[in-house]
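Mind looking over this structure? Questions follow.
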Amino acid sequence: MRIEVLTIFPEMIKSVLESSIMKKAQERGCLEVNVINIRDYTEDKHRTVDDYPYGGGSGMLLKAGPIFSAVDELKKKDELRILMTTPKGRVFNQDMALDLSLEKKKIVFICGHYEGIDERVRILLKPEEVSIGDYVLTGGELAALVVIDASVRLIPGALGNDRSSADDSFSGQINTGLLEYPHYTRPAEFRKLKVPRMLLSGNHKKIAAWRRKRTLFNTLMKRPDLLENLDLTAEEAGFLNEIKTRKFGCKKRSYANGCS
Ligand code: 6GU
């Protein structure tokens with residue numbers, strides 16, 4: 001993945017991409033990132049990146065000129081896929097992360113700030129507008145970092161050989177369209193809470209079945225919407241119906257503990 005990030009706060013982007021897995025992904029050659037300070041493309045003495053909105057109103061807008069100058073320079077060298085982070089955008093999801101992780105073109109993120117960006121950037125550059133959820137951030141940098149992080153971890157090899165996003169046990173959630181089962185590590189008992197017996201059984205087939213049930217259970221409890229368009233086996237559908245009709249044979253209290 002090759003990425004350019006256009007921002008008025010380059011340090012914010014660099015500090016995250018120079019740490020942890022994003023740093024390793026770059027060292028492993030899975031990710032090339034360059035951060036461009038939009039201010040470097042201003043032409044006035046004060047290096048102005050923002051200005052008042054025509055028609056009045058609160059806040060400042062990012063000017064179109066410096067953004068266009070930066071993008072024009074990038075266009076000379078590469079074919080670009082331009083994204084703009086804005087709360088008005090399409091809400092980012094795992095499918096979009098996968099799509100970006102496979103992109104061969106150079107991906108350019110334009111990070112919005114203040115009250116927004118001069119509309120002519122949107123009209124002329126036709127960026128894909130991306131939001132990370134229905135709330136408003138102070139700027140697009142954090143949103144761009146979220147999009148980059150979620151996409152980079154899907155590049156084969158980006159997480160290293162010992163971890164793979166294709167492996168369910170590291171996928172966290174959503175990859176399978178469901179919320180993952182709970183995880184336990186030592187000790188086997190902590191503050192009177194025991195690790196579910198099944199996980200100590202050594203029977204991998206039974207453990208896999210237990211995890212699948214817990215995955216379905218977690219999803220039904222926390223995100224029932226994710227179950228709507230899913231292909232379930234008759235047995236799985238039956239299991240969910242059983243829970244729904246409260247025939248699960250599980251006391252209310254043990255629901256909270258994960259019905260173990
Ligand atoms: Cl992409 N930008 C801003 N400023 N706020 C957001 C967002 C983006 N996504 C959700 N909230």
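Both ligands and their constituent atoms are indexed starting at 1 by order of listing. The structure presented is a predicted model; accordingly, all values stated were derived computationally and were not measured.
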Contact atoms of ligand 1, heavy-atom distance to Thr85 under 4.0 Å =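 Once the distances to Thr85 are compared, the set is 1 (Cl).
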Within less than 4.0 angstrom of ligand 1, does Gly133 place any heavy atom?
->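 It does, in that a heavy atom of Gly133 comes within the 4.0 Å cut-off of ligand 1.
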Measure from NZ or CZ of Arg212 to the centre of the six-membered ring of Trp210 and say whether it is under 6.0 Å with the direction within 45° of the ring axis.
->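 No, cation not above the ring by the 6.0 Å, 45° rule.
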Does a salt bridge link Glu129 with Arg122, judged by any charged N lying under 4.0 Å from a carboxylate O?
->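 Salt bridge: yes.
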Residue Ala143 vicinity, atoms of ligand 1 by number, heavy atom under 4.0 Å |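 This gives 1 (Cl), 8 (C) as the contact atoms.
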The one among Ala144, Pro87, Gly140, Ser131 that brings a heavy atom closest to atom 3 (C) of ligand 1 =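 Going through Ala144, Pro87, Gly140, Ser131 one by one, Pro87 has the nearest heavy atom to atom 3 (C) of ligand 1.
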Report yes if the side chains of Leu83 and Ile107 come closer than 4.5 Å at any heavy-atom pair, otherwise no.
->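 Heavy-atom side-chain distance check passes, below 4.5 Å.
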Show which atoms of ligand 1 fall inside a sub-4.0 Å distance from at least one heavy-atom site of Ile132.
->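 Taking each heavy atom of Ile132 in turn, ligand 1 has 9 (N), 10 (C) under 4.0 Å.
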Got a sec, which residues hit side chain to side chain contact (heavy atoms under 4.5 Å, CB included) with Asn229, two or more places apart in sequence or on another chain?
->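 Scan of Asn229 (side chain to side chain contact (heavy atoms under 4.5 Å, CB included), adjacent residues dropped) gives none.
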Atoms in ligand 1 with a heavy atom of Val130 nearer than 4.0 Å =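 This gives 1 (Cl) as the contact atoms.
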Taking NZ, NE, NH1 and NH2 as the nitrogens, is one of them in Arg81 or Glu128 under 4.0 Å from a carboxylate oxygen of the other?
->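 Salt bridge between Arg81 and Glu128, a charged N being under 4.0 Å from a carboxylate O: yes.
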Is Asp225 atom CG crowded by more than 12 heavy atoms from other residues, nucleotides or ligands, each under 6.0 Å away?
->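 Atom CG in Asp225 is crowded, with more than 12 foreign heavy atoms closer than 6.0 Å.
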Quick one: do Lys105 and Glu79 make a salt bridge, cutoff under 4.0 Å?
->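 Looking at Lys105 and Glu79, the cut-off is met.
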Among protein heavy atoms, which lies nearest atom 5 (N) of ligand 1, and at what distance?
->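 The closest one turns out to be Leu137 N, 2.9 Å.
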Check Thr86 against ligand 1 and report side chain, backbone, both or neither, counting heavy atoms closer than 4.0 Å.
->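 It is the backbone that touches ligand 1; the side chain stays farther off.
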What protein heavy atom sits nearest atom 11 (N) of ligand 1, and how far off is it?
->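 Checking every protein heavy atom, the shortest distance to atom 11 (N) of ligand 1 gives Tyr135 O, 2.5 Å.
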